[in-house]
Amino acid sequence: MASALCRTGAAVFRRSVLFSSARASSGGGPALDQQKGKTASDKVTMPDGLGHAVGPERFEMLAKLAGVEDPFEMKVKSRAKGTFEEPTLIPSLYEKRLVGCICEEDDISINWMFLHKGEAKRCECGYWFKLDPMKSQDYS
């Protein structure tokens with residue numbers, strides 16, 4: 001038991017020494033600037049929440065800084081006239097979008113439907129909806 005423990009300890013020590021020496025000897029190039037593009041000024045040494053955010057979270061934070069409160073167009077929209085000639089326009093960046101219609105004010109169910117680009121669709125309650133293509137906004 002003691003010999004197995006000594007062998008395992010020696011292997012771990014040997015491995016850590018090898019990796020440490022490899023890391024120490026590989027610093028030949030210039031140092032990378034990890035903050036580049038992440039901070040507003042050169043005086044800041046640690047990025048704030050925006051600097052650490054990536055993906056959709058960063059997109060949302062940049063949009064809110066630009067003054068857009070609903071960057072993903074997720075807020076509830078009230079229906080417009082809803083006729084075939086003047087359907088309720090639903091903004092979307094994509095070719096199709098899932099839309100829910102609460103047909104009556106006191107309904108407890110939502111009628112879900114997919115809207116496709118270029119065609120209007122009628123809900124069970126009689127209101128018409130149409131996809132309104134949006135241009136993608138670059139908040140960077």
Side-chain angles (χ1 to χ4, degrees):
M1 177 76 171
S3 64
L5 186 61
C6 287
R7 276 185 279 152
T8 306
V12 169
F13 177 73
R14 211 175 21 242
R15 204 173 303 134
S16 65
V17 168
L18 288 174
F19 284 129
S20 301
S21 61
R23 281 192 205 118
S25 66
S26 65
L32 295 175
D33 183 15
Q34 300 294 328
Q35 312 299 329
K36 188 171 183 179
K38 297 279 188 171
T39 57
S41 70
D42 295 333
K43 298 175 185 174
V44 179
T45 58
M46 183 73 176
D48 57 353
L50 179 63
H52 287 290
V54 294
E57 181 185 7
R58 183 171 174 85
F59 175 79
E60 183 177 11
M61 291 173 91
L62 288 171
K64 289 200 178 185
L65 285 174
V68 179
E69 287 300 316
D70 188 22
F72 300 114
E73 296 290 334
M74 298 291 289
K75 289 191 177 175
V76 176
K77 307 236 183 284
S78 52
R79 292 184 294 207
K81 208 170 191 181
T83 62
F84 181 73
E85 292 80 24
E86 293 181 43
T88 303
L89 297 177
I90 307 296
S92 178
L93 292 171
Y94 304 103
E95 300 290 319
K96 69 178 183 177
R97 182 167 181 177
L98 182 65
V99 176
C101 179
I102 302 173
C103 297
E104 293 185 24
E105 195 173 317
D106 56 346
D107 261 352
I108 58 170
S109 63
I110 300 173
N111 293 328
W112 296 99
M113 62 189 141
F114 275 104
L115 295 180
H116 296 274
K117 184 177 178 183
E119 58 187 61
K121 189 162 187 175
R122 183 173 176 253
C123 181
E124 294 173 7
C125 62
Y127 280 91
W128 286 85
F129 297 91
K130 187 174 182 181
L131 213 59
D132 183 27
M134 292 174 46
K135 290 184 179 179
S136 104
Q137 295 133 341
D138 185 20
Y139 296 116
S140 55

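For the single chain, residues carry numbers from 1 onward in sequence order. Excluded from the calculations below are hydrogen atoms, water molecules and symmetry mates; all remaining heavy atoms, backbone and side chain alike, are included.
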Any chain of hydrophobic side-chain contacts (each under 4.5 Å) joining [X] to [Y]?
X	Y	result
Trp112	Tyr127	no
Ile110	Phe114	yes
Trp128	Ile90	no
Leu98	Ile102	yes

About how many Å separate [atom2] of [Y] and [atom1] of [X], when rounded to the nearest 0.5 Å?
X	Y	atom1	atom2	result
His116	Lys121	NE2	NZ	6.0 Å
Phe59	Lys64	CZ	NZ	11.5 Å
Leu115	Asp132	CG	CG	11.0 Å

*Is it true that atom CD of Glu124 has more than 12 heavy atoms of other residues, nucleotides or ligands lying nearer than 6.0 Å?*
no

*Where the side chain of Thr88 meets the backbone of Phe129, is there a donor-acceptor pair that is under 3.5 Å apart?*
no

*asked:* Tell me whether Asp70 contacts the main-chain N or O of Lys75 through its side chain, where contact means a donor paired with an acceptor under 3.5 Å.
replied: yes

Heavy-atom closest pair, residues [X] and [Y]:
X	Y	answer
Arg79	Cys125	NH1-SG, 3.6 Å
Lys96	Ser92	O-OG, 4.0 Å
Leu131	Arg97	CD1-CB, 3.7 Å
Ala53	Arg58	O-CD, 3.3 Å
Glu119	Lys130	O-CG, 4.3 Å

*Do Pro91 and Lys77 have side chains that get closer than 4.5 Å, going by heavy atoms?*
yes

